[in-house]
Amino acid sequence: MKPLMKLTSAAFAVVILGMSTITANAACTSTAGYWANHPDAWCVQTISIGGHDYPQGQAIAIINNSTSGDKTYSLAAQLISAKLNTDCGGADSSCVALAIIAADAWLVLHPVGSGVTSNSAAWKQVKAAYNTLIDYNEGRLCAPKCRS
């Protein structure tokens with residue numbers, strides 16, 4: 001019986017270790033704040049949002065911009081983060097693909113810095129996509145949040 005117990009214990013240890021490896025290597029999401037403060041984690045030097053290419057420094061400035069008066073900055077920050085989470089972080093984007101497309105298309109019509117307010121009809125058109133991007137970047141959808 002002792003050899004069987006050793007085998008069972010060893011098999012259990014392999015299963016536990018295997019699960020830890022899977023969890024440790026699982027792709028996860030990070031917030032806009034993370035991406036703004038960790039430029040070394042970016043796998044790209046430029047990022048395309050709303051039909052415009054932004055160099056890393058400009059994209060970080062967009063993320064860091066006060067968004068109180070212009071919601072285009074809010075959306076752009078979440079879109080940049082979602083794209084970096086999928087492109088650089090390898091996070092599952094199946095639950096957010098349509099929101100990324102919608103946000104990109106909306107930013108073509110309302111470029112970053114165009115002064116869209118939170119109570120405007122334009123913002124109401126994209127607010128659901130914006131909320132989806134936030135939920136994704138916060139790890140509440142198809143990919144877990146990375147530890148910070």
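All residue numbers in this chain count up from 1 along the given sequence. Since the model is a prediction, treat every value here as computed from it, not as a measurement.
Shown here for Ala76 and Val112, the closest heavy-atom pair between the two residues is CB-CG2, 3.6 Å. Residues Ala77 and Ala32 share a closest heavy-atom pair of O-CB, 4.0 Å. Across every non-hydrogen atom of Ile62 and Ile80, the tightest pair is CG2-CD1, 4.2 Å. Closest approach of Thr117 to Lys71, counting heavy atoms only: C-CG, 3.9 Å. Of all heavy-atom pairs spanning Thr72 and Pro111, the tightest one is CG2-O, 3.6 Å. Contact detail for Pro144 and Ala27: the closest heavy-atom pair is CD-O, 3.6 Å.
At a cut-off of 3.5 Å, with distance as the only test, no side-chain donor of Trp35 or Asn137 sits close to an acceptor on the other residue.
A distance of 5.5 Å separates CG of Asp70 from OG of Ser114, quoted to the nearest 0.5 Å. From Asn119, atom CG reaches atom NZ of Lys124 across 6.5 Å, with rounding to the nearest 0.5 Å. To the nearest 0.5 Å, the span separating CG on Leu84 from SG on Cys43 amounts to 7.0 Å. Note that CG of Asn85 and SG of Cys146 are 7.0 Å apart. Values are rounded to the nearest 0.5 Å. Rounded to the nearest 0.5 Å, atoms CD1 (Ile47) and OG (Ser81) are 8.0 Å apart. Note that NZ of Lys127 and OG of Ser120 are 10.5 Å apart. Values are rounded to the nearest 0.5 Å.
Residues Leu133 and Leu75 meet the side-chain proximity criterion, which asks for heavy atoms closer than 4.5 Å. Residues Gln125 and His110 meet the side-chain proximity criterion, which asks for heavy atoms closer than 4.5 Å. Side-chain contact between Arg140 and Ile134: present, with at least one pair of heavy atoms (C-beta onward) separated by less than 4.5 Å.
Of the possible polar contacts, none joining the Thr86 side chain to the Ala91 backbone as a donor-acceptor pair under 3.5 Å is found. In this structure, Thr132 contributes its side chain and Ala128 its backbone to a donor-acceptor pair below 3.5 Å. A donor-acceptor pair under 3.5 Å is formed between the side chain of Asn37 and the backbone N or O of Gly33. With hydrogens and angles ignored, the 3.5 Å screen pairs a side-chain donor or acceptor of Thr29 with a backbone N or O of Tyr136. A donor-acceptor contact shorter than 3.5 Å links the side chain of Lys83 to the backbone of Ser48. Judged purely by atom type and a 3.5 angstrom limit, Gln56 uses its side chain to pair as donor or acceptor with the backbone of Pro39. Listed for the Asp135 side chain is no donor-acceptor partner under 3.5 Å among the backbone atoms of Leu141. Using a distance-only test at 3.5 Å, with no hydrogens or angles considered, no donor-acceptor pair links the side chain of Asp92 to the main chain of Ala143. Not one N or O on the side chain of Asn65 forms a donor-acceptor pair closer than 3.5 Å with the backbone of Tyr73.
Each of Val108 and Ile101 belongs to its own hydrophobic cluster when Ile, Leu, Val, Met, Phe, Trp and Tyr are linked at side-chain heavy-atom distances under 4.5 angstrom.
Counting heavy atoms of neighbouring residues, nucleotides and ligands inside a 6.0 Å radius, atom CG of Leu109 exceeds 12 of them.
Under the 6.0 Å cut-off for aromatic ring centres, Tyr130 and Trp123 qualify, their centroids lying closer than that.
Aromatic ring pairs are classed by plane angle as parallel below 30°, tilted from 30° to 60° and perpendicular above 60°; the pair His52 and Tyr54 is tilted.
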**OP:** Start with the C-alpha gap between Leu107 and Leu79, add the side-chain angles, then the distance that decides, and say whether side-chain contact (heavy atoms from CB on, under 4.5 Å) holds.
**Re:** CA-CA 10 Å; Leu107 284 169; Leu79 181 58; 3.7 Å; yes
**OP:** Test side-chain contact (heavy atoms from CB on, under 4.5 Å) on Val116 and Trp106 and set out the steps.
**Re:** CA-CA 11 Å; Val116 175; Trp106 189 87; 3.9 Å; yes
